[in-house]
Each structure stands twice: as C-alpha cells, then as structure tokens.
Amino acid sequence: RKCFVEDRQVPLDATSDPPALFDGTTRLYISYTCPFAQRVWITRNLKGLQEEIKLVPIDLPNRPAWLKEKVNPANKVPALEHNEKIIAESLDLIKYVDINFDGPSLYPEDSAKREFGEDLLKYVDATFVKTVFGSFKGDPVKETASVFDHVENALKKFDDGPFFLGDLSLVDIAYIPFIERFQVFLDEVFKYEIIIGRPNLAAWIENMNKMVAYTQTKTDSDYIVNYFKKFM
C-alpha cells in the first residue's frame with residue numbers, strides 16, 4: 001500500500017451540490033488549510049487508504065449549507081462518512097481510521113508507550129496548541145518555552161526511533177499540523193526559531209518532512225502567516 005501524491009481537487013463551496021451521501025462511499029470532508037482535518041488526511045495517507053477513503057475538500061470561508069444540514073451539524077471539518085454514519089473530532093477520527101481500516105497500525109501495542117501516547121494526545125490541544133495561540137498577543141519566546149520544552153523532552157523518552165513513541169504513531173500525526181504552522185509563523189513574525197536548543201524537535205521535524213504522506217498535506221507558508229496574524 002504505497003502512498004502516492006494526489007492532485008488537489010477544487011474545494012466545494014456554497015454553489016456546489018453535495019456528494020451522493022450514504023451511497024456506500026467512505027468520504028473524508030476536509031479543508032486543505034485546516035490543521036485538525038490535516039491530521040486525518042495524514043492518517044489516511046500513511047495507511048495507504050487513498051482509494052478507500054475519498055477526500056471531499058470544502059471551501060470553509062464559503063462553505064455549502066449542506067455541510068451543516070446533511071454532514072456535520074457542527075458545520076466543521078474534519079468529518080468522516082463511513083458505514084452510514086458521520087464521525088467528527090480529529091483526535092477521535094485518527095484513532096477511528098487507524099482501528100477500522102486496513103494498513104499499518106499507527107499505535108503501538110506496548111502498554112508504556114500507549115499510556116505515554118494518551119498523555120501526549122490529551123496535552124496537544126488542551127495545553128500545547130492553546131498556549132501557543134495565546135502567546136501571539138504577547139511574548140511567544142517566553143510564553144511558549146515550557147510547552148515546546150515539554151515536546152522536546154517527550155521526544156527523548158523512547159530512544160528506539162526519532163518519533164514520540166519511538167516509531168511513527170498517531171501522536172506524531174496529532175502534533176505535526178500545528179508544529180508545522182507554529183514554526184513558520186513564529187519565525188516569520190517574531191524571529192523565534194523553535195528548534196534552536198531543541199535537537200530532538202529539529203530531528204523530528206526533519207524526519208516528518210521525509211514522508212510524502214505528510215508533505216503533500218502541507219499548507220502554504222504565506223497563507224499560514226496571514227491567517228495566524230488574526231490571533232495577534
């Protein structure tokens with residue numbers, strides 16, 4: 001099951017008809033620029049599920065009414081249409097795709113690794129992402145040091161590979177969309193390079209960037225900078 005690079009389809013907008021919902025096709029509704037959707041997109045690619053799970057890109061600034069009415073009442077992406085139901089929330093979805101579809105397992109069997117992985121998955125949105133976003137109004141160098149150091153130290157725990165749990169897992173997938181964006185934005189706007197003094201983080205980013213399953217999902221740097229300026 002090889003990961004191939006897909007051409008990006010034009011996102012569906014307010015003028016677009018909905019796909020033939022619940023016709024047996026498994027669909028992943030995403031936005032090309034949404035970090036939460038990117039997690040599920042990467043998971044799908046890493047498992048080699050490009051044929052099994054069809055991408056349906058949505059133009060979020062001009063989203064179709066049917067997204068809320070027929071797909072996800074929260075009117076958000078990601079959402080997965082599978083077996084006559086819709087599943088949302090990115091951290092639930094990456095686990096769901098890993099468990100319910102073929103392809104390499106992205107979560108280790110080892111109980112110590114699983115336990116550490118669960119802690120990191122709890123930390124990512126509640127603490128890490130929240131803290132970094134909050135810092136844009138203040139001094140990111142000071143305000144984000146503790147959370148980036150937490151990530152750096154977490155990457156040291158298992159030395160059987162460069163990833164959080166040694167081998168590549170759902171934990172890496174949960175963090176990379178945000179670290180990708182924070183690295184670009186903090187460097188560009190605050191001249192803060194998050195990998196200085198954090199060799200494990202630097203090596204991790206380098207290894208992630210070797211994977212086409214991930215790199216084909218990346219967002220344009222100019223878009224990131226302009227979008228994140230709204231949070232300042």
Side-chain angles (χ1 to χ4, degrees), residues 1-64 66-67 70-72 76-83 85-107 163 167-181 183-184 204-224 227:
R1 304 175 84 84
K2 187 172 158 307
C3 177
F4 53 86
V5 178
E6 297 167 284
D7 291 329
R8 291 195 178 188
Q9 307 148 250
V10 177
L12 302 182
D13 64 14
T15 66
S16 309
D17 291 327
L21 288 159
F22 305 121
D23 62 353
T25 307
T26 301
R27 296 183 181 90
L28 175 60
Y29 296 82
I30 65 162
S31 151
Y32 288 131
T33 55
C34 169
F36 296 100
Q38 188 182 2
R39 288 169 167 168
V40 197
W41 185 8
I42 297 167
T43 306
R44 161 195 180 263
N45 292 352
L46 280 169
K47 289 181 77 75
L49 298 167
Q50 286 95 332
E51 298 292 342
E52 288 88 336
I53 301 179
K54 294 285 173 235
L55 280 191
V56 183
I58 300 290
D59 176 357
L60 289 183
N62 186 24
R63 65 192 82 184
W66 52 257
L67 181 68
K70 297 188 161 79
V71 178
N72 184 4
K76 291 194 296 199
V77 296
L80 183 76
E81 176 192 340
H82 182 236
N83 285 349
K85 61 181 188 286
I86 298 284
I87 304 113
E89 294 309 323
S90 64
L91 294 176
D92 295 339
L93 265 175
I94 60 175
K95 289 181 178 176
Y96 181 90
V97 170
D98 190 40
I99 291 164
N100 290 284
F101 292 87
D102 290 340
S105 169
L106 294 169
Y107 214 49
F163 302 105
D167 290 324
L168 182 69
S169 75
L170 297 177
V171 178
D172 305 290
I173 295 167
Y175 278 82
I176 192 61
F178 289 96
I179 290 179
E180 166 195 323
R181 286 163 174 77
Q183 183 179 27
V184 166
W204 178 79
I205 292 170
E206 195 180 318
N207 278 287
M208 292 300 291
N209 276 314
K210 289 176 183 161
M211 289 182 294
V212 68
Y214 158 59
T215 56
Q216 66 172 300
T217 69
K218 288 173 81 163
T219 295
D220 175 73
S221 297
D222 290 342
Y223 175 88
I224 291 170
Y227 185 78

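All of these numbers come straight from a predicted model, not from anything done at the bench. All residue numbers refer to positions in the sequence shown, counting from 1.
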Please name the pair of heavy atoms, one in [X] and one in [Y], separated by the smallest distance, quoted to 0.1 Å.
X: Asp98; Y: Leu106; result: OD1-N, 2.9 Å
X: Lys76; Y: Ala79; result: O-CB, 4.3 Å
X: Leu12; Y: Pro64; result: O-CD, 3.8 Å
X: Lys47; Y: Asp102; result: CE-O, 3.3 Å
X: Met208; Y: Thr215; result: O-CG2, 4.4 Å
X: Glu81; Y: Ala20; result: OE2-O, 4.5 Å

Any [X] side-chain heavy atom under 4.5 Å of [Y] side chain:
X: Pro177; Y: Phe36; value: no
X: Leu170; Y: Thr43; value: yes
X: Gln38; Y: Ile42; value: yes

Separation between [atom1] of [X] and [atom2] of [Y], rounded to the nearest 0.5 Å:
X: Ile94; Y: Ile99; atom1: CD1; atom2: CD1; answer: 10.5 Å
X: Asn83; Y: Thr26; atom1: CG; atom2: OG1; answer: 6.5 Å
X: Leu55; Y: Glu6; atom1: CG; atom2: CD; answer: 5.5 Å
X: Arg39; Y: Leu91; atom1: CZ; atom2: CG; answer: 4.5 Å
X: Ile58; Y: Leu67; atom1: CD1; atom2: CG; answer: 5.0 Å
X: Leu80; Y: Ile30; atom1: CG; atom2: CD1; answer: 12.0 Å

Residues that [X] engages under ring pair (Phe, Tyr, Trp, His ring centres under 6.0 Å), provided they are two or more places apart:
X: Tyr107; result: none
X: Tyr29; result: none
X: Phe22; result: none

* All pairs passing salt bridge (Lys or Arg N to Asp or Glu O under 4.0 Å) where residues 86-95 contributes a residue, at least two apart ->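 Of all non-adjacent pairs touching residues 86-95, those that pass salt bridge (Lys or Arg N to Asp or Glu O under 4.0 Å) are Lys95-Glu118.
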
* **Verdict with supporting geometry, Ile179 and Trp204, side chain to side chain contact (heavy atoms under 4.5 Å, CB included)** => CA-CA 11 Å; Ile179 290 179; Trp204 178 79; 3.5 Å; yes

* Take Ile224 and Glu180 through the side chain to side chain contact (heavy atoms under 4.5 Å, CB included) test and state the conclusion after the steps. => CA-CA 10 Å; Ile224 291 170; Glu180 166 195 323; 4.2 Å; yes

* List in chain and number order the residues that pass side-chain hydrogen bond (donor to acceptor under 3.5 Å, both in side chains) with Lys218, two or more places apart in sequence or in another chain; answer none if no residue qualifies. =>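 Scan of Lys218 (side-chain hydrogen bond (donor to acceptor under 3.5 Å, both in side chains), adjacent residues dropped) gives Asn209.
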
* Under 3.5 Å donor-acceptor, Trp66 side chain and Pro19 backbone ->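 No, Trp66 side chain to Pro19 backbone: no donor-acceptor pair under 3.5 Å.
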
* To do: Return yes if some donor-acceptor pair links the side-chain N/O of Asn62 with the main-chain N/O of Asp13 below 3.5 Å, else return no.
  =>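 Checking the backbone N and O of Asp13 against the side chain of Asn62, no donor-acceptor pair under 3.5 Å is found.
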
* Derivation and outcome, side chain to side chain contact (heavy atoms under 4.5 Å, CB included), residues Arg181 and Thr219 -> CA-CA 8 Å; Arg181 286 163 174 77; Thr219 295; 2.9 Å; yes

* To do: Please lay out, stage by stage, how Thr33 and Tyr227 fare under the test side chain to side chain contact (heavy atoms under 4.5 Å, CB included).
  => CA-CA 10 Å; Thr33 55; Tyr227 185 78; over 6 Å; no

* Quick one: list whatever passes side-chain contact (heavy atoms from CB on, under 4.5 Å) with Thr25, sequence neighbours left out. =>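 Per chain and number, Thr25 pairs via side-chain contact (heavy atoms from CB on, under 4.5 Å) with Asp23, Arg27, Lys54.
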
* Quick one: sort the Tyr32 and Trp41 rings into parallel, tilted or perpendicular, breaks at 30° and 60°. =>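 Ring orientation of Tyr32 relative to Trp41: tilted.
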
